[in-house]
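For reference, the structure is listed below as structure tokens.
Proteins get letters first, then strands, A, B, ... in listed order; numbering begins at 1 in each.
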Protein chains: 2
Amino acid sequence: MSNGARRGGKTTREAIFAAALALAAERGITATTMDDIAARAGVAKGSLYYNFSSKDQLFDALLELELSELSARLASAREGLRGRAAIRALVEAVLQAMQEEPDLARVLVTEIFRDDRSWVRTVAVAREGFLSAFQVSCEEAAADVGHPLRNAAIVSAGVFGSALLIGLEWLLRGAQTPRGELVEQVAGDLAAVLG
Amino acid sequence: MSNGARRGGKTTREAIFAAALALAAERGITATTMDDIAARAGVAKGSLYYNFSSKDQLFDALLELELSELSARLASAREGLRGRAAIRALVEAVLQAMQEEPDLARVLVTEIFRDDRSWVRTVAVAREGFLSAFQVSCEEAAADVGHPLRNAAIVSAGVFGSALLIGLEWLLRGAQTPRGELVEQVAGDLAAVLG
DNA sequence: GTCTATAGGCTGATAGAC
DNA sequence: GTCTATCAGCCTATAGAC
């Protein structure tokens, strides 16, 4: 087949990515072998090395693709909004992403704190992008209520951390409450509790 | 040597645990080999298998030990306190643990979301213990301000998540602000921002 | 572009001396 | 209890046919 071969509607590259992401979510990247990926993708191992120069490079490319899509989603969620409304939209976008791509969420959480891998830079850049989006909105929200932040970077990390664990707990419980409602409820509850 | 042999003040078992934890923090458990652990601990590989039946069992024992110590610390931090004061004490205890044992923090974060390992139950039990400590205090705090929680489990997960990412960001920036001050500041800032 | 076959290195685990 | 020596299996990566 010519470049961009298709298998059941997917290019070979896409099939490889899908298999690699699913397996990495199940057992972690290190424990995922090239044989596993080839088998799940329905291609031969040789095709993996035709499309990617190594296992590390495969996962670096996969993470870069997924992270750039995620960044775009967060950016568009915040578009046209500011302050508290923007924060709520960002949190809701995080929840939506976790719900729609739980495999990606799991891989990111387990890889985002590692610093010895070849894709550290890819992940670090994305992490900072997420946090800075939250930080801008947090500073706006604080200014809006006349309460300037002393430690904006740490506060926005806190908001991001809430969003992550709230998402995990929510998914664990079957994601019953609708996203918008959940964000509204929990934001109010957290403010009351932290006072 | 008789049972409980010592190497530089540590029993062999302790030396093995210390080496295993440090290596797992650097590269993850899967990527840490028994040869690495033996070399860093200054013992022969045979001694690893004399003290533990397998690599999985070694890490299960390590995590169980560390998690039970962590649980005890959180429980004693909350002792005699309720509501907001208890929440602040819990968050501060989390920050202290992350500061004093960054290796453990990193390993826990990366392993806590995996569900295919032999130590899942060990980690899951600890996770639920942490969250329920937060949940009790959150419900008290909410009741104290006449704002009953609609989703206590999710809200307490949110508080725990804040504590985790706040701790990471704080450590990343050199842990300059003293813990107590940081918790007080950030709790107020978060409440203002989330409104 | 995709396949099969195979090389070469590393890893978990065991056996047996001391 | 701790050591050294060694094995059997698995994993990344390459070579070459089609």
Side-chain angles (χ1 to χ4, degrees), chain A residues 1-63 107 111 114 116-119, chain B residues 1-63 107 111 114 116-119:
Chain A
M1 303 181 191
S2 62
N3 195 323
R6 303 192 164 264
R7 338 193 127 249
K10 285 179 176 174
T11 65
T12 297
R13 235 182 121 89
E14 285 166 350
I16 292 170
F17 274 159
L21 183 59
L23 288 165
E26 283 172 21
R27 34 226 241 203
I29 294 181
T30 313
T32 299
T33 71
M34 294 295 260
D35 280 287
D36 293 338
I37 298 171
R40 166 111 45 144
V43 303
K45 197 162 42 161
S47 296
L48 267 54
Y49 287 93
Y50 178 81
N51 284 279
F52 305 96
S53 61
S54 70
K55 179 182 166 182
D56 274 4
Q57 196 263 318
L58 188 164
F59 277 102
D60 195 15
L62 169 60
L63 289 176
V107 171
E111 294 299 327
R114 194 142 302 164
D116 66 317
R117 300 309 208 86
S118 62
W119 48 78
Chain B
M1 303 182 189
S2 62
N3 195 323
R6 303 193 166 263
R7 338 192 129 249
K10 284 178 175 173
T11 64
T12 297
R13 235 183 122 90
E14 285 167 351
I16 292 171
F17 274 159
L21 182 59
L23 288 165
E26 283 172 22
R27 35 225 240 204
I29 294 182
T30 312
T32 298
T33 71
M34 294 297 261
D35 281 287
D36 293 337
I37 297 171
R40 164 110 46 143
V43 303
K45 194 158 53 156
S47 296
L48 266 54
Y49 285 94
Y50 178 80
N51 284 278
F52 305 96
S53 61
S54 71
K55 179 182 167 182
D56 274 3
Q57 196 263 318
L58 189 165
F59 278 102
D60 194 16
L62 169 60
L63 289 176
V107 172
E111 293 299 328
R114 194 143 302 165
D116 67 318
R117 300 308 207 90
S118 62
W119 50 79

_How many whole angstroms separate atom CG of A/Asp36 from atom P of D/dT12?_
8 Å

*With sugar-phosphate meaning primed atoms plus P, OP1 and OP2, does A/Thr32 contact a base, only sugar-phosphate, or nothing at under 4.0 Å between heavy atoms?*
sugar-phosphate

*Which whole-number value in Å describes the distance from A/Asp56 CG to D/dA13 P?*
7 Å

*Nearest of C/dT2, C/dA13, D/dT12 to any side-chain atom of A/Tyr50?*
C/dT2

*asked:* Which is more 5' along DNA chain D, the nucleotide nearest A/Ala31 or the one nearest B/Asn51? Just name the residue.
replied: B/Asn51

*To the nearest Å, how far apart are B/Met34 CE and D/dA8 C1'?*
17 Å

_Residue A/Lys45, side-chain atoms from C-beta onward, closest of D/dT12, C/dT2, C/dG12_ = D/dT12

*Looking only at heavy atoms, what is the nearest atom pair of B/Ala38 and B/Ala44, with distance?*
CB-C, 4.0 Å

*Expressed in angstrom and rounded to an integer, what is the separation of A/Phe52 atom CZ from D/dT12 atom P?*
15 Å

*Tell me: CG of A/Leu48 to P of C/dT4, nearest whole Å?*
13 Å

*Would you indicate which nucleotide in D/dA13, D/dT12, C/dA13 comes nearest to any side-chain atom of A/Thr33?*
D/dT12

*asked:* Taking only side-chain N and O atoms of B/Tyr49, does any of them lie within less than 4.0 angstrom of OP1 or OP2 on C/dA13?
replied: yes

*Within the side chain of B/Ser47, is there an N or O that forms a donor-acceptor pair under 3.5 Å with the backbone of B/Val43?*
no

*Which heavy atom of B/Asn51 sits nearest a heavy atom of B/Arg13, and at what distance?*
O-NH1, 3.7 Å

*Hey, could you give me each pair passing salt bridge (charged side-chain N to carboxylate O under 4.0 Å, His left out) that has a residue in residues 35-45 of chain A? Not counting sequence neighbours.*
A/Glu26-A/Arg40, A/Arg27-A/Asp36, A/Asp35-A/Lys45

*For B/Ile16 and D/dC3, what is the distance between atoms CD1 and P respectively, to the nearest whole Å?*
9 Å

_Value in whole Å for how far the C1' atom of D/dT12 lies from CG of A/Asp35_ = 9 Å

*Please give, in whole Å, the distance from D/dT12 P to A/Lys55 NZ?*
5 Å

_D/dT2 OP1/OP2 closer than 4.0 Å to side-chain N/O of B/Thr12_ = yes

Ignoring hydrogens and angles, write down the donor-acceptor pairs under 3.5 Å from the side chains of residues 56-63 of chain A, residues two or more places apart or on other chains.
residue : atom : partner  : partner atom : Å
A/Gln57 : OE1  : A/Ser53  : N            : 3.0
A/Asp60 : OD1  : A/Thr122 : OG1          : 2.8

